[in-house]
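Please read the structure below before turning to the comments.
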Amino acid sequence: MRCPALAVAALVCFPASLGAQAPPTADLWLVATSSLATPPALEDGATATLWNPAARMDGRVAFGLSVIQPPDVLGLTGLALAGGYRLAGGVQITALIARIHARDLVRTTTSPTSQPGAIAVYDQLGALGVGFEHSAFRIGAQLRVHDSRFDVIRERGVTMDLGLQVRVLPRMRVAAATHFLPVNLAQTPATDYYAGAEFDVLQPGAQGLVGVTPRYGLTVHADGGADHHGGVGIRIGRPFRFDTMLSREARSGNAVWRPAFALQLRIGPYAIGATRGSGVNDIGATYRVVLDVGF
């Protein structure tokens with residue numbers, strides 16, 4: 001098979017997953033996470049519920065589309081589509097579908113199997129969730145059904161993730177979330193735990209046109225290692241936002257520093273953003289384009 005297959009071949013080394021767990025191929029979402037320019041727990045927008053089920057959304061009705069393009073050497077593409085609807089009493093219903101897959105994996109004369117056609121490698125999921133917001137407190141949960149495939153091996157699993165965001169001070173927000181937590185609470189390689197905090201040093205409108213928000217985040221991997229994220233967000237009025245983050249990634253054993261940058265333009269109910277990250281394990285640039293709509 002072609003070289004991109006080597007980037008994901010290690011996934012089959014994980015133990016076989018149970019029906020109550022995310023299949024091993026769900027670990028491909030680590031590549032998509034490397035495109036974030038804010039700590040995962042502090043991500044906002046409809047598709048941010050992929051990382052934190054309690055993510056903030058604008059408006060009573062919200063929709064989001066996110067396209068992730070990792071470096072060509074990995075041969076991966078990711079897509080997420082999400083929506084939310086706010087009911088009376090601070091209750092919000094959320095839905096999410098997402099897929100990440102490998103492209104252009106073909107068999108050769110030395111392949112160990114005689115199966116015809118291309119090699120399918122992907123993880124796709126559908127999720128339904130509910131959230132509750134009261135004053136400065138937000139909590140959310142999503143039930144996620146996974147369908148994964150690595151060549152002839154196809155597996156399914158179910159995860160239940162929880163998220164929390166709290167504005168503990170008028171200028172300070174803290175957040176935490178699980179990512180692909182099995183419903184049986186077993187430890188699996190695909191599970192991560194997120195935490196983050198941010199503080200508004202300057203707020204647009206209250207102290208001028210520019211807002212400045214330093215951030216810190218932590219990602220703990222169930223199979224060992226922790227990543228640290230430090231960055232800052234800058235807002236110019238309401239329309240413009242710039243985020244930058246430097247992550248210390250240590251899951252592979254050797255620490256790798258990974259920068260990421262994001263720009264967002266808001267026009268009425270629409271927010272369009274683009275992010276560039278250096279990619280998981282510094283393997284190459286990963287891009288993400290996001291469209292959020294809130295009414």
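None of these values were measured; they are calculated from a predicted model. Sequential numbering from 1 along the given sequence is applied to the chain's residues. Quick note: numbers below take in every heavy atom, side chains included, and nothing from hydrogens, waters or symmetry partners.
Between Pro39 and Met245, the closest side-chain pair of non-hydrogen atoms falls below 4.5 Å. The shortest side-chain heavy-atom distance between Arg266 and Asp58 falls under the 4.5 Å cut-off. Residues Ser66 and Ile68 have side chains in contact (heavy-atom distance under 4.5 Å, counting atoms from C-beta outward). Side-chain contact between Pro182 and Thr191 is present, with heavy atoms from C-beta onward closer than 4.5 Å. Here the side chains of Phe150 and Tyr122 are not in contact, with every heavy-atom distance at 4.5 Å or above. With a 4.5 Å cut-off on side-chain heavy atoms, Asp27 and Asp123 do not count as touching. The shortest side-chain heavy-atom distance between Glu198 and Tyr216 does not fall under the 4.5 Å cut-off. With a 4.5 Å cut-off on side-chain heavy atoms, Gln92 and Met57 count as touching.
Without hydrogens or angle criteria, Gln69 side chain to Leu76 main chain gives a donor-acceptor distance under 3.5 Å. Although no hydrogens or angles enter the test, the distance criterion places a donor-acceptor pair under 3.5 Å between the side chain of Asp292 and the main chain of Ala46. Not one N or O on the side chain of Arg144 forms a donor-acceptor pair closer than 3.5 Å with the backbone of Ala127. Side chain of Arg149 to main chain of Asp151: a donor-acceptor pair is present (N/O by atom type, distance under 3.5 Å, no hydrogens or angles).
Remark: Arg167 fails to qualify as a cation-pi partner of Phe137 under the 6.0 Å distance and 45° angle criteria applied to the six-membered ring.
No side-chain donor from either of Ser247 and Trp257 sits under 3.5 Å from a side-chain acceptor of the other. No donor-acceptor contact under 3.5 angstrom links the side chains of Thr188 and Gln21, judged on distance only. Judged by distance alone, the side chains of Gln124 and Asp147 do bring a donor and an acceptor atom under 3.5 Å apart.
Between Asn184 atom CG and Met160 atom CE the span is 12.5 Å, to the nearest 0.5 Å.
For Arg241, the CZ atom counts as densely surrounded, since its 6.0 Å shell holds more than 12 non-hydrogen atoms of other residues, nucleotides or ligands.
Between Phe261 and Phe242, the two ring planes are parallel [angle under 30°; tilted spans 30° to 60°].
The one candidate from Val67, Thr286, Val290 that meets the side chain to side chain contact (heavy atoms under 4.5 Å, CB included) condition with Ser35 is Thr286.
In this structure, Arg215 does not pair ionically with Asp200, as no charged nitrogen and carboxylate oxygen lie closer than 4.0 Å. Between Arg86 and Glu133 there is a salt bridge, since a side-chain N of the basic residue sits under 4.0 Å from a carboxylate O of the acidic one.
Separation of the Tyr193 and His221 ring centroids does not fall under the 6.0 Å cut-off. Checked against the 6.0 Å centroid criterion, the rings of His179 and Tyr194 qualify as a close aromatic pair.
Leu96 and Ile100 fall within a single hydrophobic cluster, where Ile, Leu, Val, Met, Phe, Trp and Tyr are joined by side-chain heavy atoms under 4.5 Å apart, directly or via other members. Under the 4.5 Å side-chain heavy-atom criterion for ILVMFWY residues, a single connected hydrophobic cluster contains both Ile97 and Leu79.
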